K.L.:
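This is the structure I have questions about; it appears just below.
Throughout, protein chains are lettered first and strands after them, A, B, ... in sequence-line order, and every chain is numbered starting at 1. A quick note: this is a predicted structure, and the numbers were derived from the prediction, not measured. Values below: every heavy atom of this structure, side chains too, minus hydrogens, waters and symmetry copies.
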Amino acid sequence: MKVSPNPLGDFINEISEKVKQIIKDAYGIDVEVKFGPTKDRRFGDLTSMVCLKVARNLSKTKKEIVSKAQKIGNVIVSKLKHELIEKITPERGFLNIRLDYSRYNAYVLQSILSLREKFGAVNLGKNVKICVEYISANPIHPLHIGHARNAVIGEALARLYEFLGYKVKRRFYVDDMGKQVAYLVYGYTKLNKKPAGKYDHFFGVIYSCTCIAVKIRKIEEEIASFKMKIKESFSKALEYLQANLNKFSSELSDDIFTMINAMRTLLISYERMPTIDWMLYLKRIVSKINEIWKKVEKNKKKEEFKIITEVRRVVANLTKKLEEYESWLEVEREALLKWPGIYIEIKKKIADEDPEAVVQELMRKYEAGDQKVKSVFRTVCELVLQGFLETISKLGIKIDEYDWESDLVWSGLVNDVVKQLIEKGWACKDETGAIILDFRKAIQLDENIARIFNLDSAKLKKILASRQLDLLPPNLVLVRKDGTTLYVTRDIAYSIYKFRDGSEKVLNVIGADQKLAQQQVKAALYLLGLKNYAENLHHVLYELVILPWAKLSARRGRYITLDEIFEEARGKAYIEVSKRWPNIPEEEKVRRAEAIAIGAIKYALLYSDPEKVITFDWSRVLSFEENAGPFLQYAYARATSILEKAGFNLPSEADFFLLTSKEEKELIWHLSLFPEIVIKAAMEMKPSILAEYTNNLAKTYNIFYERCPVLAAEKEELKNARLLLVEAFRIVMRNALNLLGIPVLEKM
RNA sequence: GCCGGGGUGGUGUAGCCAGGAGAGCACGCGCGGCUUCGGACCGCGUUGUCGCGGGUUCAAAUCCCGCCCCCGGCGCCA
């Protein structure tokens with residue numbers, strides 16, 4: 001008996017070739033022939049529009065096209081023969097095929113039952129190496145739901161490619177050289193506290209507290225520097241107003257008088273008043289000025305108030321700062337409530353120094369490889385990574401390589417990249433001493449570069465003609481004026497590193513907000529003469545996950561960790577499990593609840609297109625109905641339950657010709673779609689395609705389950721055939737769930 | 001401002017790149033179905049100016065042009 005990991009795909013390829021040949025013979029036209037599943041099963045199982053396509057070339061009006069297509073269809077029908085085709089009919093320009101289910105069913109089921117976990121595993125990769133870089137979260141605070149989306153997409157892609165015969169390497173980029181880690185290290189060294197609890201949570205708090213304390217300080221300094229400007233412009237305005245008081249209409253004079261007094265007081269108190277009080281007072285005056293301005297606008301006396309316009313301009317900047325300051329004060333109050341001890345201590349310790357300078361120095365030393373600094377940085381990052389590891393292993397993820405950004409720098413690879421770009425004439429020092437990569441020049445000289453930045457020649461011409469060069473994508477700072485490198489620079493080196501390891505293809509699962517940076521990396525590879533790398537570097541981008549009930553910002557100490565979300569999901573699932581199975585052992589309840597929670601979260605993150613923003617909504621995530629993780633697990637558990645009742649005694653073979661009901665045929669049809677779906681999901685790098693399919697498969701199975709009794713089938717032979725069908729469903733479902741990384745439960 | 005990505009029933013989405021059959025699926029809502037393999041199920045019904053306006057075409061949710069709204073990015077953050 002013939003078996004195939006992809007029966008449907010093989011069949012489609014065979015008949016497509018044949019049809020292509022028939023058209024060529026009859027009309028001398030070379031066309032691409034594609035058969036796909038019909039939109040509506042009433043029309044048959046497979047369909048192609050090849051007749052319309054050919055007819056379009058031969059006729060003009062609608063009537064002609066359709067009748068021509070019909071003729072072409074008839075020619076094809078008369079010549080196309082295949083043992084799996086029951087009927088082939090041209091209809092309204094389409095070419096519809098109905099399969100001979102008596103043969104097709106047996107072919108599909110035999111393939112599934114004999115290949116089992118290899119069903120669908122078409123060997124496209126042939127052991128070619130491919131690298132998936134994902135998660136790569138900065139080691140500064142716990143993973144949140146956005147990282148989870150990244151992790152789940154990356155893992156699903158890794159599994160898909162592995163399944164299709166690629167050798168996959170899973171990489172995590174440890175971004176330990178950024179400013180953010182430096183801030184964390186800075187705060188940690190100030191704080192006299194031993195790491196405790198889950199390390200990523202411990203350091204997350206320190207990171208947030210440090211950011212908040214530093215930011216507040218910085219804003220206060222900025223505001224203080226505004227004072228001088230304010231003083232100047234207020235003095236001038238005051239002079240003018242006092243000299244020209246008579247010019248203003250009587251209805252305004254009261255207001256003006258009040259304002260003059262207020263401004264006078266403000267100027268007198270300039271030295272004495274503490275900054276905060278002074279600012280609050282200033283704010284009141286500003287709102288008074290704005291009030292008067294409204295009246296002035298009404299009276300159209302603007303020209304007389306030029307001086308106020310000037311004051312307003314200076315004040316507008318300050319007002320913005322003040323608003324920012326107030327929002328940060330709110331953030332500070334939150335931090336004081338959540339982590340009073342840590343926050344107060346950090347704030348106290350940084351009071352007498354310039355945090356930004358210290359952080360910059362830390363970064364410089366780390367990049368230079370200073371032993372003492374190095375050991376702190378490494379320790380902190382390693383501890384946070386330990387926390388990450390705990391979380392992602394719950395999601396069933398195991399990383400092959402953790403690549404430290406600092407290693408890349410110390411190995412000299414990053415410097416090499418910069419050096420080569422300079423040598424090739426694409427980068428040079430600017431007047432401030434920073435090294436700039438001149439993409440704007442490159443775009444004009446090399447259309448490949450332009451293409452990477454989405455510029456076609458017409459657009460480019462237009463921009464160049466208008467001489468507005470700042471409409472072009474920005475140049476890239478490779479090295480700061482202090483000699484340290486930037487993230488994108490290091491990422492260029494990292495990309496090279498990944499390819500040098502033998503990968504022919506590199507997938508970077510990175511957020512949509514980094515699209516420009518990823519284009520820059522790709523373009524830089526081109527400029528380095530690594531065209532092949534550039535073309536095989538793929539940015540798998542995904543959008544944000546929004547938690548509608550929370551405003552998130554790690555720098556502000558506002559975040560919801562993945563661990564918390566996981567706990568909540570597990571709690572909800574536990575209640576459901578206990579309700580249904582009050583008598584099973586406690587640890588079994590917990591085990592099932594955990595699997596359900598993971599399935600629910602993963603499915604919620606996988607089911608929609610990665611490029612779309614997800615709003616994470618509990619009622620949807622943990623709904624145990626269709627289009628949710630537990631729905632899939634449930635279908636599998638019910639199937640397993642049938643086999644359990646049959647004592648897991650499966651017949652070695654059965655008469656699949658007996659499976660003739662609509663529900664059975666539908667189920668087998670869906671099973672046979674699996675391999676094609678896997679290929680599509682992998683090639684388009686969209687696990688959502690597989691998630692949607694899996695949901696449909698579960699749904700189709702449920703309908704079969706409802707209508708076709710297995711154990712109580714009317715005949716023993718039918719029972720045997722259905723038992724094997726159930727087993728085939730379990731195999732495909734298991735394969736699909738494994739690829740998605742959703743845990744499979746025999747009972748739930 | 002410029003560059004990307006989105007806008008499809010009350011809600012969430014598929015389809016768009018490669019134009020063709022009453023725009024598919026799910027939630028919600030309403031009604032119905034357990035003496036039968038697990039009701040975390042199934043069936044039936046309900047809901048759409050496919051953001052707006054033009055154009056191309058025998059045929060447009062899909063391609064082209066203009067506009068509106070939301071999100072993100074735009075040289076020393078990552």
Side-chain angles (χ1 to χ4, degrees), chain A residues 32 34 38-40 42-43 47 49 52-53 56 59-66 69 91-94 96 138 140 175 177-181 430 432-437 439 453-455 459 463 468 470-482 484-491 511-517 519 541 543-544 546 576-577 579-580 596 607-609 611-615 617 619-620 623-628 630-631 633-635 637-646 684 688-689 692 695-696 699 702-703 705-713 722 726 747-748:
Chain A
E32 197 195 341
K34 272 191 311 193
T38 48
K39 218 151 73 175
D40 187 326
R42 278 183 310 130
F43 300 119
T47 189
M49 290 198 322
L52 263 175
K53 233 199 227 166
R56 219 180 324 185
S59 346
K60 260 279 165 266
T61 66
K62 178 166 189 163
K63 246 183 165 174
E64 277 171 23
I65 288 174
V66 172
E91 282 170 81
R92 300 177 63 179
F94 295 85
N96 296 332
N138 288 343
I140 46 173
D175 186 6
M177 288 215 123
K179 235 175 211 172
Q180 301 181 327
V181 170
D430 74 354
T432 67
I435 298 175
I436 313 287
L437 176 50
F439 279 132
F453 290 107
N454 295 314
L455 282 169
K459 262 194 218 164
I463 293 174
Q468 290 176 283
D470 53 334
L471 293 185
L472 291 173
N475 289 332
L476 175 68
V477 176
L478 291 170
V479 182
R480 292 187 186 96
K481 52 179 170 258
D482 70 357
T484 55
T485 52
L486 282 112
Y487 165 79
V488 179
T489 314
R490 301 185 294 250
D491 207 22
D513 54 348
Q514 291 195 47
K515 189 164 179 171
L516 177 62
Q519 288 174 330
L541 67 83
E543 267 294 351
L544 297 174
I546 293 169
E576 291 294 322
V577 172
K579 213 155 64 188
R580 281 159 238 260
I596 292 166
Y607 90 104
S608 72
D609 190 313
E611 287 181 23
K612 290 200 168 163
V613 176
I614 293 181
T615 302
D617 172 356
S619 65
R620 200 179 300 281
S623 96
F624 296 138
E625 287 166 21
E626 276 169 63
N627 220 346
F631 176 78
Q633 294 167 316
Y634 180 63
R638 290 215 294 184
T640 306
S641 188
I642 292 177
L643 300 192
E644 190 192 19
K645 283 240 158 66
E684 294 186 19
S688 56
I689 293 171
E692 196 203 355
N695 188 60
N696 288 339
K699 169 113 186 155
N702 279 336
I703 296 169
Y705 180 90
E706 190 80 11
R707 303 275 179 73
C708 306
V710 177
L711 300 176
R722 283 183 177 166
V726 170
K747 288 170 178 290
M748 67 181 277

K.L.:
If you define the side chain from C-beta out and look only at heavy atoms, does anything of A/L486 sit under 4.5 Å from A/V488?
P.N.:
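They are not in side-chain contact.
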K.L.:
Between atom CD in A/E692 and atom P in B/A14, what is the gap in whole Å?
P.N.:
8 Å
K.L.:
When you compare B/U8 with B/G24, how far apart are their C1' atoms, in angstrom units rounded to a whole number?
P.N.:
11 Å
K.L.:
So what does A/K481 hit on the nucleic acid, given a heavy-atom distance under 4.0 Å: a base, only sugar-phosphate, or nothing?
P.N.:
base
K.L.:
Just jot down the side-chain hydrogen bond (donor to acceptor under 3.5 Å, both in side chains) partners of A/E91, sequence neighbours excluded, or say none.
P.N.:
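Expected list: A/T89, A/N96.
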K.L.:
Roughly how far apart, to the nearest Å, are B/C65 and B/G4 at atom P?
P.N.:
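Comparing P positions in B/C65 and B/G4 gives a spacing of 11 Å.
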K.L.:
Taking only N and O in the side chain of A/K645, is any of them less than 4.0 Å away from OP1 or OP2 of B/C37?
P.N.:
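It does not, given that no N or O in the side chain of A/K645 lies less than 4.0 Å from OP1 or OP2 of B/C37.
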K.L.:
Can you list the residues that meet the side-chain contact (heavy atoms from CB on, under 4.5 Å) rule with A/L455, with sequence neighbours excluded?
P.N.:
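For A/L455 the side-chain contact (heavy atoms from CB on, under 4.5 Å) partners, ignoring immediate neighbours, are A/I443, A/A450, A/K459, A/L460, A/I463, A/L472, A/P473.
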K.L.:
Between B/C16 and B/C63, how far apart are the C1' atoms? Round to whole Å, please.
P.N.:
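The same atom, C1', in both gives a distance of 10 Å.
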K.L.:
For A/R580, check side-chain hydrogen bond (donor to acceptor under 3.5 Å, both in side chains) against everything at least two apart and list the hits.
P.N.:
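Per chain and number, A/R580 pairs via side-chain hydrogen bond (donor to acceptor under 3.5 Å, both in side chains) with A/E576.
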K.L.:
Using atom P of each nucleotide, how far apart are B/A61 and B/U46 to the nearest Å?
P.N.:
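B/A61 and B/U46 have their P atoms separated by 23 Å.
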K.L.:
Taking only residues two or more places apart in sequence, or in another chain, which ones meet A/N138 in a side-chain contact (heavy atoms from CB on, under 4.5 Å)?
P.N.:
A/I140, A/D175, A/Q180
K.L.:
Base, sugar-phosphate, or nothing: which does A/T432 touch, judged by heavy atoms less than 4.0 Å apart?
P.N.:
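Here A/T432 touches the bases of the nucleic acid.
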K.L.:
Between B/G12 atom C1' and A/I614 atom CD1, what is the distance in whole Å?
P.N.:
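Rounded to the whole Å, the gap is 11 Å.
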K.L.:
For atom C1', what is the distance between B/C70 and B/G28, given to the nearest Å?
P.N.:
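So the two C1' atoms sit 25 Å from each other.
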K.L.:
Distance check, C1' atoms only: B/C27 and B/C69, in whole angstrom units.
P.N.:
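Result for the C1' pair: 26 Å, nearest Å.
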K.L.:
Roughly how many Å is it from CD1 in A/I642 to C1' in B/C37, rounded to a whole number?
P.N.:
5 Å
K.L.:
When you check the side-chain N and O atoms of A/D430 and A/T432, is any donor under 3.5 Å from an acceptor?
P.N.:
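The answer is yes; a qualifying pair exists.
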K.L.:
Taking the nucleotide of RNA chain B with the closest heavy atom to each, which residue, A/G433 or A/E576, is nearer the 5' end?
P.N.:
A/E576
K.L.:
Measure the distance from CG on A/L541 to P on B/G73 and round it to the nearest whole Å.
P.N.:
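Interatomic distance, CG of A/L541 to P of B/G73: 13 Å.
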K.L.:
Take the protein atom CG of A/L437 and the nucleotide atom P of B/C74, then report the distance between them rounded to whole Å.
P.N.:
17 Å
K.L.:
Distance check, C1' atoms only: B/G75 and B/G12, in whole angstrom units.
P.N.:
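Straight-line distance between the two C1' atoms is 40 Å.
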K.L.:
Could you check which of B/G4, B/A26, B/C76 has an atom nearest any side-chain atom of A/K699?
P.N.:
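My answer, after comparing the listed nucleotides, is B/A26.
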K.L.:
Which parts of nucleotides 15-23 of chain B does protein reach within less than 4.0 Å, heavy atoms only, written one letter per nucleotide 5' to 3' as B for base, S for sugar-phosphate only and - for none?
P.N.:
---B-BBB-
K.L.:
Who pairs with A/V710 by side-chain contact (heavy atoms from CB on, under 4.5 Å), at least two apart in sequence or on another chain?
P.N.:
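Partners of A/V710 under the side-chain contact (heavy atoms from CB on, under 4.5 Å) test: A/I642, A/F704, A/R722, A/L723, A/V726.
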K.L.:
Base, sugar-phosphate alone, or nothing: which one does A/I703 contact when heavy atoms must sit under 4.0 Å apart?
P.N.:
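Here A/I703 touches the backbone only, sparing every base.
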K.L.:
Is there a donor-acceptor pair under 3.5 Å between the side chain of A/N475 and the backbone N or O of A/F439?
P.N.:
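Yes, the answer is positive, given that a donor and an acceptor are paired below the 3.5 Å cut-off.
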K.L.:
Does a side-chain N or O from A/N702 land closer than 4.0 Å to OP1 or OP2 of B/C42, or not?
P.N.:
yes
K.L.:
Kindly write out the residues that satisfy side-chain contact (heavy atoms from CB on, under 4.5 Å) with A/D482, not counting sequence neighbours, or none if the list is empty.
P.N.:
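Only A/Q360, A/R480, A/T484 meet the side-chain contact (heavy atoms from CB on, under 4.5 Å) criterion with A/D482.
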K.L.:
A/I546 versus A/I614: any side-chain heavy-atom pair under 4.5 Å?
P.N.:
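Answer no - side chains too far apart.
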K.L.:
When all nucleic acid strands are considered with a 4.0 Å heavy-atom cut-off, which category describes A/G178: base, sugar-phosphate, or nothing?
P.N.:
sugar-phosphate
K.L.:
Are A/F94 and A/F43 an aromatic pair by the rule of ring centers under 6.0 Å?
P.N.:
no
K.L.:
Rounding to an integer number of Å, can you tell me how far A/N696 CG sits from B/G24 P?
P.N.:
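It works out to 14 Å between those atoms.
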K.L.:
Which residues pass the side-chain hydrogen bond (donor to acceptor under 3.5 Å, both in side chains) test with A/S688, not counting sequence neighbours?
P.N.:
none
K.L.:
Which part of the nucleic acid, if any, lies within reach of A/A635 when heavy atoms closer than 4.0 Å are counted: base, sugar-phosphate only, or nothing?
P.N.:
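Nothing: the residue A/A635, judged by heavy atoms under 4.0 Å, touches no strand.
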K.L.:
Got a list of protein N/O to nucleotides 32-36 of chain B N/O distances below 3.5 Å?
P.N.:
{"from": "B/G33", "atom 1": "N2", "to": "A/E706", "atom 2": "OE2", "distance (Å)": "3.3"}

K.L.:
So what does A/N475 hit on the nucleic acid, given a heavy-atom distance under 4.0 Å: a base, only sugar-phosphate, or nothing?
P.N.:
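Contact class for A/N475: base.
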K.L.:
Syn or anti for B/G75? Use the chi torsion, O4'-C1'-N9-C4 for purines and O4'-C1'-N1-C2 for pyrimidines, with syn inside 90° of 0.
P.N.:
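That one's syn.
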K.L.:
How would you list, by chain and number, every residue that makes a side-chain hydrogen bond (donor to acceptor under 3.5 Å, both in side chains) with A/Q514, sequence neighbours excluded?
P.N.:
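Once residues adjacent in sequence are excluded, the partners of A/Q514 under the side-chain hydrogen bond (donor to acceptor under 3.5 Å, both in side chains) criterion are A/Y487.
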K.L.:
With a 3.5 Å limit on both atom pairs, tell me what B/G45 is paired to, counting Watson-Crick and G-U wobble, or say none.
P.N.:
B/C29
K.L.:
Going by ring-ring contact (aromatic ring centres under 6.0 Å, His included), name the residues that satisfy it together with A/Y634, two or more places apart in sequence or in a different chain.
P.N.:
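With sequence neighbours excluded, A/Y634 shows a ring-ring contact (aromatic ring centres under 6.0 Å, His included) to no residue whatsoever.
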K.L.:
Please give the nucleotide sitting opposite B/A40 as a Watson-Crick or G-U wobble pair, both distances under 3.5 Å, or none.
P.N.:
none
K.L.:
For B/G24, which nucleotide is its Watson-Crick or G-U wobble mate, given both distances must be under 3.5 Å?
P.N.:
B/U13
K.L.:
Over how many whole Å does the gap from A/K747 atom NZ to B/C37 atom C1' extend?
P.N.:
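Distance, rounded to whole Å: 12 Å.
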K.L.:
Can you check the A/R490 CZ to B/C76 C1' distance for me, whole Å?
P.N.:
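After rounding, the gap between these two atoms is 12 Å.
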K.L.:
Look for any protein N or O under 3.5 Å of an N or O in nucleotides 63-72 of chain B and output each such pair with its distance, or none.
P.N.:
none

K.L.:
Can you find a side chain N or O atom of A/R480 that sits less than 4.0 Å from OP1 or OP2 on B/C77?
P.N.:
yes
K.L.:
At under 4.0 Å, does any side-chain N or O of A/S641 touch on OP1 or OP2 of B/G38?
P.N.:
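It does, given that an N or O in the side chain of A/S641 lies less than 4.0 Å from OP1 or OP2 of B/G38.
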K.L.:
For B/C74, give the paired nucleotide (Watson-Crick: N1-N3 plus N6-O4 or O6-N4; G-U: N1-O2 and O6-N3; both under 3.5 Å), or none.
P.N.:
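Across all strands, the one nucleotide that pairs with B/C74 is B/G1.
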K.L.:
Is any side-chain N or O of A/R580 under 3.5 Å from a base N or O of B/A40, one able to act as donor and the other as acceptor?
P.N.:
yes
K.L.:
Relative to the 5' end of RNA chain B, which residue comes earlier, A/P474 or A/Y705, by the nucleotide with the nearest heavy atom?
P.N.:
A/Y705
K.L.:
What integer number of Å spans the P atoms of B/G6 and B/G10?
P.N.:
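Roughly 23 Å separates the two P atoms.
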K.L.:
Do you know which two heavy atoms are closest between A/K53 and A/E32, and how far apart they sit?
P.N.:
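Scanning both residues completely, I find the closest heavy atoms to be NZ-O, 3.3 Å.
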